[in-house]
Amino acid sequence: MYPLGWALLHLLLVATFTQAEEQVCTQRGDPENPQLVKNGDIMLGGLFSFHTNWRERENTYMEKPLPLQCTSLNFREFQLAQAMLFAIEEINNSSDLLPGVSLGYKIYDTCGSIARSVRVALSLVNSNEMVASPAEKCTRPAQVQAIMGETSSSPCTAIATVMGPFHIPLISHFATCACLSDKIKYPSFLRTIPSDYYQSRALAHLVKHFGWTWVGAVRSNEDYGNNGMATFIETAQHLGICVEYSVSFFRTDPSDKIQKIIDIIKASTSKVIVTFLSHMDLDVLLHELSGHNLTGYQWVGTEAWIFDSQTAEGDINHILDGAIGLSIPQAYVTGLREFMLDVRPLNSSNADLFTEFWEALFSCKFRLSKSTEILRECTGEEDINGVENSFTDMSLMPIFNNVYKGVYAVAHALHNILGCNKTCDENKQLDPFTILQRIQRSNFTTKEGDRVFFNENGDPAAKYEIINWQPGENGIVNFVTVGLYDATLPANEQMNLQNKSIVWTQNSLEVPVSVCSETCPPGTRKVLQKGKPVCCYDCISCAEGEISNSTDAVTCVRCPPESWSNDRRDVCIKKEAEFLSYGEIMGILLTTASLFGTCITSFVALIFYRHRKTPLVRANNSELSFLLLFSLTLCFLCSLTFIGRPSDWSCMLRHTAFGITFVLCISCVLGKTIVVLMAFKATLPGRNVMKWFGPTQQRLSVLGFTLVQVIICILWLTISPPFPSKNFKEYKDKIILECSLGSAVGFWAVLGYIGLLALLCFICAFLARKLPDNFNEAKFITFSMLIFCAVWLTFIPAYVSSPGKFSVAVEIFAILASTFGLLICIFIPKCYVMLLKPDRNTKKHIMGKGAAK
């Protein structure tokens, strides 16, 4: 307790005396000195990774950590710094922009470390004084008015988070992560390169354009790769593209992790690899891939490496041959190349950095160097024109131009704030927030004609060139522009692939195929494979009556009722209309039978007419016989109305004609039966029944019976007549043209009435069957009625069970069979007597035989 109490008392006394003194600000940590510096009236900051790595040290946490020891010199970042210096030099020499005001710069090396990036960014805001002046009370303005950099997205997110509250503009030339467009998180961030929001979508549409629906994805495990790939996958899914695998790594990861990625690529079935990799990460991956035979894959890249000649030179195993991807449009800045190759201005403040740069540039060593490598000695007079390396390579001119435009955006904003005309108001106090607002509203054109402006998110207009790696002379890769993508145009016009031959992987001129399942041809539909992405499916043939007339159809479309699918299931063809026609064999046979029956009936009528005065004809009621023959002729002929294509008139005629003619026929037979029965009953003593059933009554009975059927038919036709219809149910691939009954009650009423008369006739004939033979027609009528009833009783089940035109044929057969039965049973025996046994056709014979009995 006592030590703790003394400690609290000591702290209280220190606080009391501190409040009595003036407030001072003390810098924490060691001061950071810029690698490149030049004083000016207005200072700009620059953050570039002159080194890409650093030496790892173990911290003991017992002493203060040593400063970061940077390694791996990066010529590309020196080029970007030179582009910034060139723009500042050009502005300082201009009489139109910021006249009389000089721009200075402080440029720091971030060594590729995010922590160091934040640290040196704070150094740009502060001064290097350890203790601030008491009068300023830590509120003096920032040392720089804007910061140019960083190259990568992850450092930019960290720096922009720190700089945001101070409203100090941070303008990046190569940080493309869409996350940086969030003005709530990063209010002071701007960039001169399009956001990956557009590039990711453009890549997805490019992949879709070539029909690649099954791809792999490799990304850098940082903001640039993770956010860019997430947007690509989201867009790809909307376009029907499936990602077989999506893996990430960072260049500092152990080799076993990268080996796992290689194993995944080897085991995959997709032949297209979409990358969201920085050029440094890709270099590491290519180094690991060099020991494996992984050629034959189509690589799709982003602006980070697709037009990078250094990456192309490092691809000694031609793994990336035929790569295609998006890049920033080509640009040219007059005078920049000459300025960049003059490296003397780099030796302005940091002799150690310049010495390291010079030794790496010319592959030599100064005498004072502690290196143990045996290299030629540097003289300091080496000629850069005799050197060919990444520093002298100007293929990254579009990125240099982005740095150039960023510096000019700041200069134009300052020009407006200071109210410059011929001179500027140097006494005006600069406010970072005002500078930020003016930069956001910038809209100017560079000397090369490039228009520079920012949208509400601090992003420029998104325009890309589509680049294809094609083999050139001496193994050099040519970056050939094969198309353009402009996100400012309407959706259907954004991508424009020019009519140039694209060279694909392994120098093939044919577009590679990368699908999980082959395209389903017309006539089939896709069925997803269980547990696999939507791009993996089986092709199932459409069912009967369904078609698909496009490739990769998800569903089959059912054909209209009057159509049916062909054998390939890709076209609906009109169904064959089926009906009993005169041209087919069945129709011909039934027509022949009908006409034959008509001829036989006419022949019988002729025989009866010629023998009309003979006893046999007169004894069998010649008037009813001729009427019966007439009705039988109509019965034969009415069967013809059932043959042929159904129409409104034929449907109504066939059933009514059939019903009326048959009732007329049965009425005549019934009349004859009653006459026979009455004739013999009249011979009994005291009976005179014939006066009640004379010729007049016979005619009236036939007319009455027939009139009832006529009334039934009229009611049927009035209420619900038969009509032609199309039956789609009997056959799948045929249309049955038939006559619908309209009213089933009407149809069965017609048949029922015919059956009732036939039954009545049969009963009467059965009662007269034992009368004297010579006058007895009852036996023949009985037999004919048995045939008639048997035919129509078997007709009912046969009619109901027969499909299509066969039901019509059954009905015609029943009509003809019953009609032939009546004709043969009633009239043929009499014709036999009249033609072959005329000696029996006498009154004496007929009457004599009757008396004998």
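On a predicted model such as this, the values are computed, not experimentally measured, just so you know.
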* **Cystine candidate C535-C516, SG separation under 2.5 Å** => no
* To do: In a single word, yes or no, tell whether C542 and C556 have an SG-SG distance below 2.5 angstrom.
  => yes
So, does [X] use its side chain to make a donor-acceptor pair with the main chain of [Y] at under 3.5 Å?
X: T661; Y: S631; answer: no
X: Q494; Y: L489; answer: yes
X: E493; Y: P490; answer: no
X: T794; Y: V791; answer: yes
X: S565; Y: E544; answer: no
X: E244; Y: T269; answer: yes
X: S550; Y: A553; answer: no

Are any non-hydrogen side-chain atoms of [X] and [Y] less than 4.5 angstrom apart?
X: L497; Y: F210; result: yes
X: S701; Y: F705; result: yes
X: Q709; Y: I712; result: yes
X: N549; Y: V571; result: no
X: S270; Y: W212; result: no
X: W504; Y: E510; result: no
X: Y537; Y: K532; result: no
X: C242; Y: C536; result: no

* Just jot down the ring pair (Phe, Tyr, Trp, His ring centres under 6.0 Å) partners of F747, sequence neighbours excluded, or say none. => H655
* Go through V750 and I754 one step at a time and tell me if the side chain to side chain contact (heavy atoms under 4.5 Å, CB included) criterion holds. => CA-CA 6 Å; V750 168; I754 294 173; 4.3 Å; yes
What is the minimum heavy-atom distance between [X] and [Y], and which atoms define it?
X: P646; Y: F579; answer: CD-CB, 4.1 Å
X: S743; Y: W716; answer: O-NE1, 3.4 Å
X: K575; Y: I735; answer: CB-CG1, 3.4 Å
X: S541; Y: T524; answer: CA-CG2, 4.0 Å
X: I815; Y: C638; answer: CG2-SG, 4.3 Å
X: K526; Y: D552; answer: CE-O, 3.7 Å

Is atom [atom1] of [X] surrounded by more than 12 heavy atoms (other residues, nucleotides or ligands) closer than 6.0 Å?
X: E518; atom1: CD; value: no
X: L836; atom1: CG; value: yes
X: F813; atom1: CZ; value: no
X: Y582; atom1: OH; value: yes
X: Y609; atom1: OH; value: no

* **Derivation and outcome, side chain to side chain contact (heavy atoms under 4.5 Å, CB included), residues F636 and I600** => CA-CA 10 Å; F636 279 120; I600 294 296; over 6 Å; no
So, taking the atom named [atom1] in [X] and the one named [atom2] in [Y], what distance separates them when rounded to the nearest 0.5 Å?
X: K830; Y: I607; atom1: NZ; atom2: CD1; value: 13.0 Å
X: T591; Y: I643; atom1: OG1; atom2: CD1; value: 3.5 Å
X: E578; Y: L737; atom1: CD; atom2: CG; value: 9.0 Å
X: I736; Y: L580; atom1: CD1; atom2: CG; value: 11.0 Å
X: I660; Y: I714; atom1: CD1; atom2: CD1; value: 7.5 Å
X: S667; Y: F662; atom1: OG; atom2: CZ; value: 12.5 Å

* To do: Could you walk me through whether F658 and L751 pass the side chain to side chain contact (heavy atoms under 4.5 Å, CB included) test, one step at a time?
  => CA-CA 10 Å; F658 155 70; L751 284 185; 3.5 Å; yes
* Electrostatic pair E562:K574 at N-O distance under 4.0 angstrom -> yes
* Asked: Does E811 come within less than 4.0 Å of R654, counting only side-chain N to carboxylate O?
  -> no
* **Under the side-chain hydrogen bond (donor to acceptor under 3.5 Å, both in side chains) test, residues paired with D648 that sit two or more places apart** => none
* Asked: Step by step, would you call C635 with C665 a disulfide (SG to SG under 2.5 Å)?
  -> CA-CA 8 Å; C635 288; C665 177; 4.8 Å; no
* Could you tell me whether the side chains of T519 and T551 share a donor-acceptor contact shorter than 3.5 Å? => no
* To do: Could you point out which residue of L629, I826, V702 forms a side-chain contact (heavy atoms from CB on, under 4.5 Å) with C668?
  => V702
* Take R645 and S581, measure what side chain to side chain contact (heavy atoms under 4.5 Å, CB included) needs, and give me the verdict at the end. => CA-CA 7 Å; R645 190 183 190 92; S581 65; over 6 Å; no
